[in-house]
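Basis for what follows: all heavy atoms, side chains included, without hydrogens, waters or symmetry-related copies. Below, read A as the first sequence line, B as the second, and so on, with proteins coming before strands; counting in each chain starts at 1.
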2 protein chains.
Amino acid sequence: MSPRPKNPPPDRRGEILEAAFRVFAEKGYRAATMAEIARAAGVTPAALYYYFPSKADLFRAAVTERRSQLQPALAALASPDARELPPREFLGALLRAMADFLADERTRAVIRILLAEGPRDPSLVAIFQEEVYGNIGAVLGYLEQHMAQGNVRPMDPRVFLLFFQGPLLAMVIFRDLLRLGPYRDLPNPALVEPLAETILAGLVPEKR
Amino acid sequence: MSPRPKNPPPDRRGEILEAAFRVFAEKGYRAATMAEIARAAGVTPAALYYYFPSKADLFRAAVTERRSQLQPALAALASPDARELPPREFLGALLRAMADFLADERTRAVIRILLAEGPRDPSLVAIFQEEVYGNIGAVLGYLEQHMAQGNVRPMDPRVFLLFFQGPLLAMVIFRDLLRLGPYRDLPNPALVEPLAETILAGLVPEKR
DNA sequence: GTACTTATTAATTGAGCGTTCAGTAAGTAA
DNA sequence: TTACTTACTGAACGCTCAATTAATAAGTAC
């Protein structure tokens, strides 16, 4: 192959990032090789070093790039419109929005990377923590207000988040990451609807 | 150092397995080197090959060894005594037993390994799936019975498990694996007690 | 004490991988 | 046309690391 190809691809850098993300998501950081990423991107390994100074930098760039795709889904949860809803509707919508968010294959890839590399790379965790908690903040404001008014069972907001995110996260881990047999064919709604019903029955006190 | 030391340790193999488990748990499979495991066990790398044919075999053996430590905690959940309890007490005890189970550092190490290596090693997942689901089965029997009698809100048992395990698993991931700031100082009971209260209020219908 | 087995080491090998570097075709500017 | 920049390639380097091998001290059986 010759340098400077006839039809110069307009966004080599972007192609490399996408290929890198795919390979890192599939193999993990250590097992992913620059050679394989290069192959996936249709270039030679050396070309990767034209755009990124090291494997670590490429990894960071690839993951950070994808992260911004997650923003809208979370932001929607904190929209002013949503804040006008009564607790039952608000919390149900929140739950469904999170489920949609987790239904995205790229989201699951990020989770896969985060679970595999996060425990050994705090700076990677920090990237997501900042972003996710920035958006969750608004949701918590809503909650605190309704807890004070007695419309929602009062509790530590951290506990609330675990309560809400936990079952969904567990489903993604069991079904999509570990591929546990019994969960293979459990569709999202089959979890979300009973979950919403049961959580809300316990979380939102009966109308007085 | 001389071969065949003066005071021959009685259980070299066990020491190696323990050292290997620690290193694998901390570094992950790829990043853990035979040299480091050997150092942790107080032998040379070649000694590892006296007991285990390859790195992969050592890894499998180390993880499998630990797995059996988890059995008692899960078995207790399915004891005949527990099955006599009314749903509220049974489910509360189940939740607390799971929390205790997850409080064990070795359990968390297994989870860390499972999340990091599981997505790329189905046979590793299979080891745990078999064991965990063997014991969960008995719990599900209890549940089905009480669901049929209307004492527990009827639902897919898989959903029930996600519902029960999810928040605890999420706490372990956020607090212990990813070390998210806000969760750093959230003690187990601070999650378990409100969780039990809220889940049970929603899961177990009001007394008629 | 001799023969054999067990448990271990030191040294080495060989593959794989991140990274570097010199070279070069294609595009751009004067 | 010349000078320069951009965007790569092919080849090689150096290192790490899993795995092998030959040697050997300590224990055991006879």
Side-chain angles (χ1 to χ4, degrees), chain A residues 1-63 113 116-117 120-121 123-124, chain B residues 1-63 113 116-117 120-121 123-124:
Chain A
M1 218 177 290
S2 70
R4 203 72 179 227
K6 298 289 166 56
N7 302 336
D11 187 20
R12 246 310 133 69
R13 197 188 136 93
E15 288 176 6
I16 290 173
L17 281 175
E18 197 183 324
F21 183 84
R22 284 203 312 272
V23 176
F24 281 130
E26 192 193 345
K27 302 276 178 100
Y29 178 75
R30 297 280 301 210
T33 68
M34 295 298 266
E36 182 166 7
I37 294 169
R39 209 178 317 124
V43 296
T44 60
L48 304 181
Y49 288 89
Y50 181 77
Y51 292 98
F52 304 95
S54 71
K55 184 185 180 182
D57 283 289
L58 174 55
F59 176 66
R60 187 67 43 80
V63 175
I113 291 174
E117 315 297 342
R120 264 150 261 129
D121 186 351
S123 68
L124 187 63
Chain B
M1 220 177 290
S2 69
R4 201 72 180 229
K6 300 285 166 63
N7 303 338
D11 188 20
R12 249 306 134 68
R13 199 189 135 93
E15 288 176 6
I16 289 173
L17 282 175
E18 198 183 323
F21 183 83
R22 285 204 310 272
V23 176
F24 281 130
E26 191 194 345
K27 302 274 177 100
Y29 179 74
R30 297 284 297 213
T33 68
M34 295 298 266
E36 182 167 6
I37 293 168
R39 210 178 315 124
V43 296
T44 60
L48 304 180
Y49 288 91
Y50 179 76
Y51 293 98
F52 305 95
S54 72
K55 184 185 181 183
D57 283 290
L58 174 56
F59 176 67
R60 186 68 43 80
V63 175
I113 291 174
E117 315 297 340
R120 262 150 263 130
D121 186 352
S123 68
L124 187 64

Exercise. Taking OP1 and OP2 of C:dA7, is either one under 4.0 Å from a side-chain nitrogen or oxygen of B:Y50?
Worked result: yes
Exercise. What integer distance in Å separates B:F59:CZ from D:dA18:C1'?
Worked result: 16 Å
For this session: May I ask you to decide if A:A32's main-chain N or O and A:K55's side chain share a donor-acceptor pair within less than 3.5 Å?
Result: yes
Exercise. Below 4.5 Å, heavy atoms only, C-beta onward: do B:R60 and B:F52 meet side chain to side chain?
Worked result: no
For this session: Quick one: pull up CG in A:L48 and CD1 in A:I16 and give me the separation to the nearest 0.5 Å.
Result: 5.0 Å
Under 3.5 Å, sequence neighbours excluded: what are the donor-acceptor pairs made by side chains of residues 17-31 of chain B?
unit_1 : atom_1 : unit_2 : atom_2 : d
B:K27  : NZ     : B:E36  : OE1    : 3.0
B:K27  : NZ     : B:E36  : OE2    : 3.2
B:Y29  : OH     : B:A56  : N      : 3.3

Problem set entry | N or O in side chain of A:R12 less than 4.0 angstrom from D:dC8 OP1/OP2 | yes
For this session: Using salt bridge (Lys or Arg N to Asp or Glu O under 4.0 Å) as the criterion, list what pairs up with A:R39, not counting sequence neighbours.
Result: none
Exercise. Please give, in whole Å, the distance from D:dA7 P to A:L48 CG?
Worked result: 15 Å
Problem set entry | Verdict with reasoning, B:V43 to B:Y50, per side-chain contact (heavy atoms from CB on, under 4.5 Å) | CA-CA 11 Å; B:V43 296; B:Y50 179 76; over 6 Å; no
Exercise. Could you state the CZ-P distance from A:R13 to D:dT6, rounded to the nearest angstrom?
Worked result: 16 Å
Might you list the N or O atoms of the protein lying below 3.5 Å from N or O atoms in nucleotides 18-22 of chain C, with each pair's distance?
unit_1 : atom_1 : unit_2 : atom_2 : d
C:dG18 : OP1    : A:A32  : O      : 3.4
C:dG18 : OP1    : A:K55  : NZ     : 3.0
C:dG18 : OP2    : A:M34  : N      : 2.8
C:dT19 : OP2    : A:Y49  : OH     : 2.6
C:dT19 : OP2    : A:K55  : N      : 2.8
C:dT19 : O5'    : A:Y49  : OH     : 3.3

Exercise. Contact class for B:F52 (heavy atom, under 4.0 Å): base, sugar-phosphate, or nothing?
Worked result: nothing
Seminar exercise, completed: A:L58 CG to C:dC17 P, in whole Å, measures 16 Å
Exercise. Which whole-number value in Å describes the distance from B:Y51 OH to D:dA19 C1'?
Worked result: 18 Å
